[in-house]
Amino acid sequence: VKQENIRNFSIIAHIDHGKSTLADRILELTGLLTDRDKKEQYLDRLELERERGITIKAQTVRIPYRARDGQDYILNLIDTPGHVDFSYEVSRSLAACDGALLVVDATQGVEAQTMANVYLALDHDLEIIPVLNKIDLPSADPLRIAEEIEEIVGLDCSDLSLVSAKTGEGVADLMEKIVHLTPAPRGKKDDPLKALIFDSWYDSYLGVMVLFRILDGSIQRGQEIMMFSNRKRFEVAKLGIFSPGPMDTDCLYTGEVGFLCAGIKDLKEARVGDTITNPARPADSPFPGFKRVQPMVFCGLYPVESEDYDGLKNALERLQLNDAALEFEAETSQALGFGFRCGFLGLLHMDVIQERLEREFQVSLIATAPSVVYKVHRVDGEVLEVDNPANLPPVQEIDEVREPYVRMEIHVPNEFVGNVLSLCEEKRGQQKDLRYLSSTRVIITYEIPFAEIVFDFFDRLKSVTKGYASLDYEVLDFRRADLVKMDILINQEPVDAMSVIVHREKAYHKGRSLALKLKRVIPRQLFEVIIQATIGNKVIARERTPPMRKNVTAKCYGGDITRKRKLLEKQKEGKRRMKKMGSVEIPQEAFLAALSSD
Ligand code: GDP
Ligand code: MG
C-alpha cells in the first residue's frame with residue numbers, strides 16, 4: 001500500500017459514549033469481525049476491562065478498506081486506554097495517529113473526559129472528526145449537542161456525523177469521512193528509521209511485544225534496532241500487524257503501524273513513548289515527549305496469611321512483567337508483618353491490581369490507606385520523597401512538606417453546582433474557573449491537593465451529584481502545606497500501617513472520625529480496647545470498646561438455623577481478612593475505614 005493511502009486514527013470519547021461499540025461496528029462492516037467474535041466487544045478483551053467497561057490495555061487493528069472512490073486504503077485503528085490514570089499512554093497512542101473520531105453520546109453531551117481527550121488530540125495536531133452517537137435513542141438531541149460541541153470544543157459541526165454504533169446507521173458514511181478527512185502519514189521513507197512505541201506488553205511465549213508507528217524510514221525482520229532512551233540494541237525476530245489477529249510480515253514502511261518482538265526480556269527496556277531507531281543509521285533525534293511514568297499513589301499490600309508472602313511476591317512480579325508502571329518493594333510493618341509497598345499511577349490502577357491479585361492469583365490481601373508522594377524539605381537542606389507516612393522524619397527535622405496538586409475539571413448539571421463547590425472547598429480546593437457550557441451545564445475548574453481526591457472524592461462527588469458529574473484531572477506541581485503525621489494507637493500500640501499524613505486543620509476531625517470508625521469495625525474482644533489518634537505525643541481522639549460478654553449468635557433467637565449459619569459464615573469470611581495486632585484482631589474493614597475521610 002502507498003503511504004498516501006494509510007490512515008491512522010483513534011476513537012476518543014467519554015466513558016460509555018460508545019467507543020468500543022463503534023470500533024466493533026467498523027470491524028464488522030469491513031469484514032474483520034466474525035459472528036463468533038461479536039459476542040464480546042472485541043476491543044475490550046481483558047475480563048476486568050469488560051466488567052468495568054473501560055479499556056486498560058489498548059488494542060490496535062489494521063483494517064483494509066476499499067473506499068467508494070475505488071481505491072484501497074489501510075486504516076489503522078489505534079485504541080486508547082479509557083481512564084485518567086493512563087493519560088500518558090493515551091497521549092502516546094494519540095501521537096501515533098493523524099486523526100481522531102470524537103464520539104459524543106447524543107443523549108448526554110460533552111463530558112469531562114471528552115474535553116480531556118480533545119485537549120490531548122489537539123496537542124498532537126490531530127484532525128478531529130466529531131461524531132454524534134446513539135441517534136437511535138428517542139432521547140437523542142443532536143441539535144443541542146452539536147451546539148455544545150461547537151461552543152465548548154470549538155469544532156465545526158456543520159457536517160456532523162450522526163451515527164448509531166448499535167444499529168450501524170451512519171457508520172458506512174463515517175468510514176468515507178475517515179478516509180477523506182484524516183491526513184495521510186507524513187514522514188520520509190528514505191530517512192533513518194524513527195518509530196514511536198505507543199504500547200508494549202509481555203507475552204509469555206514471545207517475550208516483550210512492542211507496538212509502534214513508523215514516523216520515518218522502514219523496519220525489517222532480522223535487522224538490529226536501538227531504543228533511543230537507553231541505547232539498548234535488539235534484533236527484530238518477529239515483525240507483524242494485527243488484523244485483527246497477529247500476522248507476520250517481513251517489512252513495514254513509513255506511516256505503518258505494527259508489532260515486533262526482539263528478544264526483549266524486560267518491559268522497562270521498551271517503554272511506551274520511547275523511540276526505536278536503526279543503530280547502523282540512527283535518526284538525529286527521538287520523537288519528543290518521552291517520559292517514564294511515575295507512580296502517584298502508594299499503598300502497602302500484605303497477605304492475610306503470612307505464608308502467602310511468597311505467593312504475593314510472585315504474583316506482583318508476574319503483574320509487573322506486563323505493567324511497567326507498577327512498582328513494589330518489600331516492606332515490613334509491625335502490625336501487618338511482611339508485605340510490599342506498591343506504587344500505582346492512580347486509584348483505578350491500584351484497584352485493578354488489587355483485584356487481579358485476589359482474583360487471578362488467589363491471594364487474600366490487606367491494603368493500607370493509599371498515600372500520595374510528599375516532598376519533605378529537611379532543615380539540613382535535603383529533600384526526601386516520602387510515599388509512606390511511616391517514613392516521615394521527626395517533626396523537628398522537617399523544614400516544610402510539599403504535596404502534589406492537580407488541576408481538576410468537573411462537568412455537572414447546574415442544579416448540583418452548589419454541592420460540588422462545597423465539596424471542593426471542603427477538600428482544600430482553590431476555584432479557578434466556573435463556566436456555563438449551556439444554560440443547564442457547568443464546567444468547574446479547581447486546583448486541589450491530589451491527596452484529597454485519593455481518598456473518597458469520587459464517591460462523594462457521585463453522591464452529591466446523583467452520578468451526573470464527570471471529572472478529569474492532571475497533575476500540576478508540588479505545593480507547601482501544613483501537613484502532619486497522625487498515628488493510630490490500639491491499646492497503646494501504634495498501628496504503623498494506619499498512620500496517615502493529613503492537613504493540620506483537618507487532623508482533629510479526621511482523627512475523631514477514624515477512631516469512631518475503628519471502634520465500629522474492630523470486633524469486640526474479651527478485654528477492653530482503647531483506640532487513640534495522636535499527633536506526636538498529643539492525643540487528639542479517643543474511643544473505647546467495652547469487653548465482649550455475649551456469644552454472637554445469641555441475638556438470633558429461636559430456631560432460625562439458616563440465619564444463624566449465615567451469620568457464622570459471614571464471620572468466618574471476615575476472619576479470612578483479619579490480622580492480629582498485638583492481641584487485637586483488626587479486620588480489613590478497619591484499614592478501609594482509614595481511607596475515607598469523613
Ligand atoms: P465506551 O465506554 O465508550 O467504550 O462505550 P461502549 O461502547 O462500551 O458503550 C456503552 C453502552 O452504550 C453500551 O451499553 C452500548 O451497548 C451502548 N451503546 C453504544 N452505542 C450505542 C448506540 O448507538 N445506541 C444505543 N442505543 N446504545 C449504544
Ligand atoms: Mg469501551
Side-chain angles (χ1 to χ4, degrees), residues 9-29 32-33 35 37-61 63 77-87 89-90 93-94 97 100-118 120-121 128-146 149 153 160-175 177-178 199 244 348 351-352 411 458 462 467-472:
F9 74 105
S10 95
I11 306 177
I12 54 181
H14 186 72
I15 188 156
D16 280 346
H17 282 201
K19 183 175 82 160
S20 303
T21 311
L22 179 60
D24 280 3
R25 203 57 60 237
I26 289 175
L27 296 192
E28 191 189 12
L29 202 83
L32 277 191
L33 205 62
D35 283 336
D37 303 326
K38 249 187 276 174
K39 267 188 282 153
E40 287 143 20
Q41 276 181 347
Y42 180 77
L43 288 178
D44 288 346
R45 276 189 287 200
L46 197 72
E47 187 185 347
L48 259 175
E49 293 181 358
R50 223 175 294 118
E51 263 170 42
R52 289 168 178 256
I54 46 158
T55 312
I56 299 159
K57 271 274 159 214
Q59 311 286 343
T60 288
V61 205
I63 307 166
L77 169 53
I78 296 174
D79 196 16
T80 57
H83 193 274
V84 53
D85 283 1
F86 305 97
S87 64
E89 280 81 351
V90 177
S93 295
L94 293 180
C97 297
L101 304 182
L102 175 68
V103 172
V104 180
D105 185 330
T107 69
Q108 301 292 323
V110 173
E111 296 284 354
Q113 275 175 293
T114 316
M115 292 309 293
N117 281 314
V118 165
L120 287 174
I128 300 176
I129 303 173
V131 179
L132 277 191
N133 187 31
K134 307 198 188 181
I135 53 154
D136 58 294
L137 291 175
S139 54
D141 191 352
L143 280 179
R144 179 176 68 82
I145 310 292
I149 297 176
V153 187
L160 191 62
S161 294
L162 301 178
V163 310
S164 165
K166 190 174 173 186
T167 66
E169 187 184 345
V171 179
D173 290 338
L174 179 59
M175 301 290 292
K177 261 196 200 160
I178 296 170
D199 198 6
L348 175 93
D351 270 10
V352 167
H411 289 223
F458 302 106
K462 216 169 164 180
Y468 281 109
S470 66
L471 164 146
D472 201 88

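Order of listing sets the numbers, starting from 1, for every ligand and every atom in it.
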One residue to check: His17. Relative to ligand 1, which of side chain, backbone, both or neither has a non-hydrogen atom less than 4.0 Å away? backbone
For ligand 1, find out whether one of its N or O atoms is nearer than 3.5 Å to an N or O atom of Gly18. yes
Hey, does Ala165 come in under 3.5 Å of ligand 1, counting only N/O atoms on both sides? yes
Do Thr80 and Lys19 come within less than 4.5 Å of each other through their side chains, counting heavy atoms only? yes
Taking the side chain as every heavy atom from C-beta outward, state whether Ile11 and Val131 have any pair of such atoms under 4.5 Å apart. no
Just wondering, do Asp199 and Thr60 contact through their side chains at under 4.5 Å, heavy atoms? no
Residue pair Phe9 / Ile78, side-chain heavy-atom distance below 4.5 Å: no
Return the option from Arg25, Lys166, His14 holding the heavy atom at the smallest distance from atom 25 (C) of ligand 1. Lys166
Contact between His17 and Asn133 at the side-chain level, heavy atoms closer than 4.5 Å - yes or no? no
By number and element, which atoms of ligand 1 are closer than 4.0 Å to a non-hydrogen atom of Leu137? 26 (N)
Closer than 4.0 Å to some heavy atom of Thr21 - which atoms of ligand 1 meet that? 6 (P), 7 (O), 9 (O), 15 (C), 19 (C), 20 (N)
Suppose I only count heavy atoms of Lys19 and a 4.0 Å limit; which atoms of ligand 1 are within that range? 1 (P), 3 (O), 4 (O), 5 (O), 7 (O)
Of Ile149, Asp105, Val104, Asp472, the one forming a side chain to side chain contact (heavy atoms under 4.5 Å, CB included) with Thr114 is Val104
